[in-house]
Amino acid sequence: MTVSILEGLNTAQQQAVQVVDGPTLVLAGPGSGKTGVLVRRVAFLSDHVGIDLHNVLAVTFTNKAAREMRERIDALLGAGRAAALTAGTFHSLCARFLRRDIVHLSRERDFAIYDTDDQERLMKRVLKDLNLDDKKYPPRAIRASISSAKNELIDANQYAQQGRTYYDEIVARCFVHYQKLLREANALDFDDLLVETVRLFEQHPAVLEKYQTRYRYILADEYQDTNHVQYMLLKQLASKYRNLFVVGDEDQSVYAFRGADIRNIRYFENDYPEAKVILLEQNYRSTQSILDVAQSVINQSAKRMRDKNLWTENDRGTLVVLQEGYDQDEESYLVASEAARLLSSGDYQPGDIAVMYRTNAQSRALEEALIGRGLRYQIVGGTRFYERKEIKDALAYLRVAHNPADNVSLSRILNWPGRGIGQRTEDELGRWATKLGVPVYRALQKLKNPGGEELPPDTPIPFNARTQKALLSFMGLIDSFIAARHEHDLGGLMDVIFRTLEFESILIREHGEEEGRDRWNNVVELRNVAANYIHMPQESQLPTFLEEVALVSDLDSVRREQDTITCITLHQAKGLEYPVVFLIGLEEGLLPHSRSLDHMDALDEERRLFYVGATRAKERLYMLYAFRRTVFGRTNVSQSSRFLADIPKELLHHMPKRGYTDTQQTSMFTNRSSVNWTGSSTRQTHTEPSNATRGQEKQRTSLTANQPQAVAFFAGQKVNHAMFGEGMVVSSKLIENDEEVTVAFPGKGVKKLLASFANLERIE
DNA sequence: GTACGTTCATTTTTT
DNA sequence: ATGAACGTAC
């Protein structure tokens, strides 16, 4: 039995798998098989050491990783065995702990979980209450400051005490009030989930003891990405048995922006001086060529604690390709062409190919190019499914039905769909509720029943008759949903809500026939998710659903489809691997991102991001950048990424520049509205090219073929015009028997000119 | 209070 | 380029 668990592992891997007791730090390079090690270690503990998996806790980076771990354990040990294992992200685990032991917090059992958007809405309320100008103090920034403070386990009082600047003082005041409103709404934000768990453990040693005893063995993946709270949690949980097994790679630390601290690796060695340190340096994933390129970039990293010596027995493989596109459209066009070429060679399937980029915005041009080629693709992330407006609105109704104190959700739906309750009324309502010291919902209840208990009889109701009527009818709606919650299961409740509101008609009224339908389809998809909860007792369906919706990221639901090309951000790509990888947008300002240019640490993180991207590739790596790029509708000449300069020339196959392939053609023919932006981003895939797209392919081919003879002007060329003076050609294309030249004239703008009329003079 | 037009800010990256 | 936020007109 043990043999099969250790089979095919190298010495270091076997060593890691077989550690029984004591703290262990595994420093694992990319592609070193660390997931396999984690899985087999769990299997080993179970089958060789005889540990009940009920006593094992595995912290993973995504819920998807947890699910995959379970599947692989089942595959190794037999179906169902992994069910006993506790596995999940810090956030889901903490939510579970809190849910179970919430009695210790002086709060009701059920709490709402506020995501970033909810937090920001609440922050707006905070600023309003404190009479602060949200122009001067952007809710986003305040939210971010508070979030980082929480990640450092700094509470509002401490923040107030150690605040130095005036801005800190403002944040401190917001922090205090923000927490107050959160508690009133019976809500915890993302950060609170972790912070409150640490506090729970601090204040109630018995509770901590319970978990310490239960989780005799603890494993944590992606340790380099833990922040301070997470570090504390691990420390608390592991302090009894000290069987903490962490796996990480400082070179792949790319989450400093959310508080991740690489130093946690060093702290680990301080906290557990007896820790075994195991290095996994052999890479099984990539070809030597790819690894060389990745190494040459990461070796320039400013300071690394421990130089790893990554090596592989894999073949050298094909050279890494470097190519410049004229602009982002051509860059994408080149990607699509090469992808199409690889696919037609028969060596690869769409699922073997991934395109990676720094920012989500970069996926647009890419998407158009892929559609233009009729390639199937999926965009991971982007606008996340659960962040779509229609989904959030639908969820808000469910959340209020579950927890009427949830003021943020209530305010979201107060006037959606429009029912004559405007800003004035909402503000008034908020003030009134504050005065009464109750959640808005309770205030509304009093409006409904003025004779009721707590309301002093002489309290004036601050609304006129019409407004009052609107508010009361809203209340009727909410109360009917609250009632429905007890009569129906989750799916039934959704049906009631969507039918009563006439959700579909609202969406169509607001967004028009086509987009409205798309949005409604998203809502239907949400409704379909309810089916997953059908086996649960009715009363726990809604809370469980709401919790999972808040904590499950889109990446968790990525289906690894074999027939779509994956488009994904570098961050999300961490931990994944593909035979073919395109890294696009390798330019100064993008990678490294402009926001990181002034900070050395941030710059280093960008470098690691590059490294992460490059090491996702197994067989073929393409690196692209564009000569010019349009950002915010403004076009600038760009410079290739400084990281490219760190790669020795001989490691690259530098593709010659192509003339400007007139990608304008593609955009012209691509009917933008046919691109479905509203569908669930990870689920939706472009299936087959529309007729229009097919026709376009034909035209495009013939155009490209004729172009060299026919086009007299090309991009980048300098020209002189009688009226506008000197300018530079942006693009040129054939129109019937003439040529339309787009020229940028400095100070005079971009003009479209017909070659036969404009009398353009070429300048060399 | 809403409907429309205009301005303006917006893009890191995520649980 | 796109969408949210603000202003003016009903």
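Reminder, nothing fancy here: chain letters follow the sequence lines and each chain counts from 1.
Toward the 5′ end of DNA chain B lies the nearest nucleotide of A:Thr425, the other residue of the pair A:Asp191 and A:Thr425 mapping further downstream. Between A:Ser92 and A:Glu606, the residue anchored closer to the 5' end of DNA chain B is A:Glu606, taking for each the nucleotide with the nearest heavy atom.
Remark: aromatic rings of A:Tyr178 and A:Tyr114 are distant, center separation not under 6.0 Å.
The interatomic distance linking A:Gln119 (CD) with B:dT15 (P) rounds to 14 Å, in whole Å. Atom-to-atom, CD of A:Gln252 to P of B:dT14 comes out at 16 Å; the value is rounded to the nearest Å. Per the geometry, NZ belonging to A:Lys389 stands 17 Å off C1' belonging to C:dT2, to the nearest Å. Rounding to whole angstrom units, CG of residue A:Leu570 and C1' of B:dT11 are separated by 15 Å. To the nearest angstrom, P of B:dT13 lies 18 Å from CZ of A:Arg608. Here the P atom of nucleotide B:dT13 and the CE atom of A:Met356 are 16 Å apart, to the nearest Å.
For the residue pair A:Thr359/A:Gln362, the side-chain donor-acceptor check at 3.5 Å is satisfied. No hydrogens or angles considered: a donor-acceptor pair under 3.5 Å links the side chains of A:Glu222 and A:Gln224. Using modelled atom types and a 3.5 Å distance limit, the side chains of A:Asp604 and A:Ser301 yield a donor-acceptor pair.
Contact annotation: A:Lys64 does not reach the phosphate of B:dT15 (side-chain N/O to OP1 or OP2, under 4.0 Å). Between A:Thr467 and B:dG1, a side-chain N or O to OP1/OP2 separation shorter than 4.0 Å is absent. The shortest distance between the side-chain N/O atoms of A:Gln572 and the OP1/OP2 oxygens of B:dT14 is below 4.0 Å. For A:Asn360, a side-chain nitrogen or oxygen approaches OP1 or OP2 of B:dT13 to under 4.0 Å.
Using C1' as the reference atom, B:dT13 and C:dA4 are 22 Å apart when rounded to the nearest Å. Going from the C1' atom of B:dT11 to that of C:dC6 covers 23 Å, rounded to whole Å.
Between the side-chain ring of A:Phe257 and the base of B:dT13, a stacking contact exists by the 5.5 Å and 30° definition. Stacking between A:Tyr255 and the base of B:dT14 is absent under the criterion of ring centres within 5.5 Å and planes under 30 degrees.
Using a 4.0 Å heavy-atom distance criterion, A:Asn151 is classed as making no nucleic acid contact.
Geometrically, A:Arg634 does not engage A:Phe632 in a cation-pi contact defined by less than 6.0 Å to the ring centre and at most 45° from the axis.
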